[in-house]
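Here is the structure we will look at, set down as structure tokens.
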Amino acid sequence: MASISLRGVQKAYGDSAPVIRDVDLEIGENEFCVFLGPSGCGKSTLLRMIAGLEDVTDGDLSIGGRIMNDVPSAERGVAMVFQSYALFPHMSVYENMAFGLKLAKVPKSEIDRKVREAARILQLEALLDRRPRALSGGQRQRVAIGRAIVREPGVFLFDEPLSNLDATLRGQTRIEIAKLHRQFAKASVVYVTHDQTEAMTLADRIVLLHAGKDTERYGSIAQIGAPLELYHRPASRFVAGFIGSPRMNFLPATVASVDAQGVTVALTQGGERLRVEVDGSGLQSAQPVTFGVRPEHLELSGADAHGSAGADASLTRSVLLVEHLGEHSYVHLDQPGGDTLIAKVSGGAQVAIGERVTFRANPAACHLFTEDGFAVPARGAAVANLA
């Protein structure tokens with residue numbers, strides 16, 4: 001059982017600008033923490049710094065209250081599962097899982113007990129005599145996980161462990177990892193992925209990382225929070241656009257009026273006035289802002305959903321495309337200025353290409369972002385965890 005603490009951590013290669021900048025992070029005991037972000041944001045580098053495979057350029061990294069900056073990887077009490085499995089091809093499943101324990105000179109009887117218990121948990125008992133080439137991708141990944149489990153570490157580190165699997169195996173293995181975390185509840189887990197489905201379903205907390213120039217401007221961490229907190233209360237336009245698929249719709253607007261109940265904005269393209277239930281005390285009339293609404297928060301308005309609803313919070317657009325996915329459909333709507341607006345509707349909704357359709361934007365579920373990209377906080381609540 002071990003907590004992880006990063007204070008002012010940075011990573012730079014030579015004289016180049018830091019790829020990891022100003023990271024302050026606490027990962028608690030028993031916590032499942034996911035590092036999420038686009039390619040090149042440094043999430044794997046940050047994980048490798050915790051593992052001891054990369055040096056810390058500046059700041060302090062602690063595990064279990066002990067500063068680990070100069071401690072070798074083998075002495076950190078962590079176990080890492082790699083994207084590439086990293087199995088020894090000439091060894092059997094049993095030998096691969098036992099290898100680290102043999103190096104640590106654990107008694108043979110204890111090695112056998114731990115390997116067979118891990119094999120039972122991972123349903124690998126019938127495969128212990130096979131070599132990696134005789135296993136499927138999912139089975140190889142379970143062997144890699146088993147090799148970590150037998151060490152009984154205080155911290156498990158996963159570096160995009162499902163990226164080499166097909167869609168079905170990814171779903172199955174994701175469920176197995178979630179179950180394993182419950183079984184080994186005393187261990188902390190740090191998990192790296194670019195797949196937001198993995199992050200949303202597995203994480204107790206998500207650490208969403210910036211990439212590129214955003215890192216230089218804002219630091220490496222865009223927002224830290226529970227999955228639904230990042231989804232419903234994004235701290236910035238970057239977070240709002242990264243979390244959610246399809247992504248949030250963004251429409252340029254200006255502030256029309258502010259009152260105790262929220263803000264009314266006028267869309268730059270189209271001219272509609274829309275209400276947003278946020279704290280507008282820091283906004284000024286005519287100030288440029290970005291209006292944000294997720295596809296599922298655009299609701300078909302009126303009995304037949306055609307024509308104008310005549311409401312202040314409605315948008316009437318022409319249908320460009322309808323993606324039918326069974327239970328629901330995605331409706332792509334024409335948006336002045338060349339952008340496309342996406343709405344999520346039930347699979348039985350009668351919407352046809354070329355029709356004019358009216359949607360209502362739920363004011364309580366809409367968002368506003370200032371020109372610098374930060375979110376206007378909800379009424380009576382401050383946006384937390386800004387980088």
Side-chain angles (χ1 to χ4, degrees), residues 167-168 170-171 195-201 226-234 237-253 256 261-278 289-369 375-376 378:
T168 301
R170 276 202 304 272
D195 186 323
Q196 60 177 279
T197 300
E198 290 177 31
M200 295 291 287
T201 55
L228 291 181
E229 180 184 348
L230 268 66
Y231 188 82
H232 292 297
R233 293 287 177 233
R237 177 169 171 167
F238 168 77
V239 177
F242 193 87
I243 300 289
S245 180
R247 73 170 201 163
M248 183 181 289
N249 296 294
F250 297 114
L251 304 175
Q261 280 68 51
V263 178
T264 298
V265 299
L267 297 187
T268 305
Q269 291 139 354
E272 294 95 341
R273 289 176 173 253
L274 301 171
R275 290 282 298 170
V276 189
E277 292 184 3
V278 293
V289 291
T290 298
F291 172 85
V293 60
R294 295 198 181 277
E296 63 270 31
H297 295 145
L298 286 172
E299 306 162 357
L300 279 170
S301 181
D304 58 5
H306 300 290
S308 174
D312 214 23
S314 65
L315 293 162
T316 300
R317 299 287 187 272
S318 296
V319 178
L320 298 177
L321 174 69
V322 181
E323 295 181 280
H324 297 290
L325 301 176
E327 181 184 3
H328 61 267
S329 299
Y330 290 119
V331 180
H332 296 249
L333 304 166
D334 181 32
Q335 171 63 20
D339 293 329
T340 300
L341 199 63
I342 301 177
K344 182 179 180 180
V345 301
S346 68
Q350 299 299 311
V351 181
I353 293 174
E355 290 187 283
R356 295 282 288 176
V357 183
T358 297
F359 286 86
R360 179 181 178 275
N362 182 358
C366 294
H367 304 262
L368 277 188
F369 305 93
V376 178

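Residue numbers start at 1 and run along the sequence shown.
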- Task: Identify, with sequence neighbours excluded, every residue that meets side chain to side chain contact (heavy atoms under 4.5 Å, CB included) alongside Ser346.
- Result: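 Counting only residues at least two positions away or on another chain, Ser346 forms a side chain to side chain contact (heavy atoms under 4.5 Å, CB included) with Ala349.
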
- Listed partners of Ser318 passing side chain to side chain contact (heavy atoms under 4.5 Å, CB included), at least two apart: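 If we apply the side chain to side chain contact (heavy atoms under 4.5 Å, CB included) test to Ser318, skipping adjacent residues, the hits are Asp334, Arg356.
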
- Query: Do any pairs count as a salt bridge (charged side-chain N to carboxylate O under 4.0 Å, His left out) and have a residue in residues 314-330, sequence neighbours left out, and if so which ones?
  - Reply: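 Pairs touching residues 314-330 that pass the test: Glu272-Arg317.
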
[X] side, atom [atom1]; [Y] side, atom [atom2] - distance, nearest 0.5 Å:
{"X": "Ile342", "Y": "Arg247", "atom1": "CD1", "atom2": "CZ", "answer": "9.0 Å"}
{"X": "Gln335", "Y": "Leu320", "atom1": "CD", "atom2": "CG", "answer": "10.5 Å"}
{"X": "Arg237", "Y": "Met248", "atom1": "CZ", "atom2": "CE", "answer": "10.0 Å"}
{"X": "Leu333", "Y": "Leu315", "atom1": "CG", "atom2": "CG", "answer": "8.5 Å"}
{"X": "Leu274", "Y": "Asn362", "atom1": "CG", "atom2": "CG", "answer": "11.5 Å"}

- Item | Residues which pass ring pair (Phe, Tyr, Trp, His ring centres under 6.0 Å) with Phe369, listed by chain and number, not counting sequence neighbours |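 Ring pair (Phe, Tyr, Trp, His ring centres under 6.0 Å) check on Phe369 returns Phe250.
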
- Who passes ring pair (Phe, Tyr, Trp, His ring centres under 6.0 Å) against His232, sequence neighbours left out?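 Counting only residues at least two positions away or on another chain, His232 forms no ring pair (Phe, Tyr, Trp, His ring centres under 6.0 Å).
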
Shortest non-hydrogen contact from [X] toward [Y]:
{"X": "Phe291", "Y": "Leu267", "value": "CB-CD2, 4.3 Å"}
{"X": "Val351", "Y": "Val322", "value": "O-CG2, 3.8 Å"}
{"X": "Gly347", "Y": "Ser329", "value": "CA-OG, 3.9 Å"}
{"X": "Val319", "Y": "Ala352", "value": "CB-O, 3.4 Å"}
{"X": "Met200", "Y": "Leu228", "value": "CE-CD2, 4.4 Å"}
{"X": "Asp195", "Y": "Arg170", "value": "OD2-NE, 4.4 Å"}

- Item | Side-chain heavy-atom pair Val345, Phe359 within 4.5 angstrom cut-off |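 Yes, at least one pair of side-chain atoms sits under 4.5 Å.
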
- Please examine the side chains of Val263 and Leu368, heavy atoms only from C-beta on, and report whether any two atoms are closer than 4.5 Å.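 Yes; the side chains approach each other to less than 4.5 Å.
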
- Got a donor-acceptor contact below 3.5 angstrom from the Gln269 side chain to the Pro252 backbone?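 No, because the side chain of Gln269 does not come within donor-acceptor range (under 3.5 Å) of the backbone of Pro252.
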
- Message: Looking at His297, is its backbone amide N or carbonyl O close enough to the side chain of Glu299 to form a donor-acceptor pair, meaning the two atoms are under 3.5 Å apart?
- Response: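 No.
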
- Query: Knowing that exactly one of Leu298, Val293, Val265 qualifies, which makes a side-chain contact (heavy atoms from CB on, under 4.5 Å) with Cys366?
  - Reply: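 Of the listed residues Leu298, Val293, Val265, the side-chain contact (heavy atoms from CB on, under 4.5 Å) partner of Cys366 is Val293.
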
- Task: Indicate, with yes or no, if the rings of His332 and Tyr330 have centres closer together than 6.0 Å.
- Result: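 No, the ring centres sit 6.0 Å or more apart.
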
- Message: Is a donor from one side chain sitting under 3.5 angstrom from an acceptor on the other, for Ser314 and Arg360?
- Response: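 No donor-acceptor contact under 3.5 Å links the two side chains.
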
- Please name all residues satisfying side chain to side chain donor-acceptor pair (under 3.5 Å) with Thr340, sequence neighbours left out, ordered by chain then number.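 Per chain and number, Thr340 pairs via side chain to side chain donor-acceptor pair (under 3.5 Å) with no residue.
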
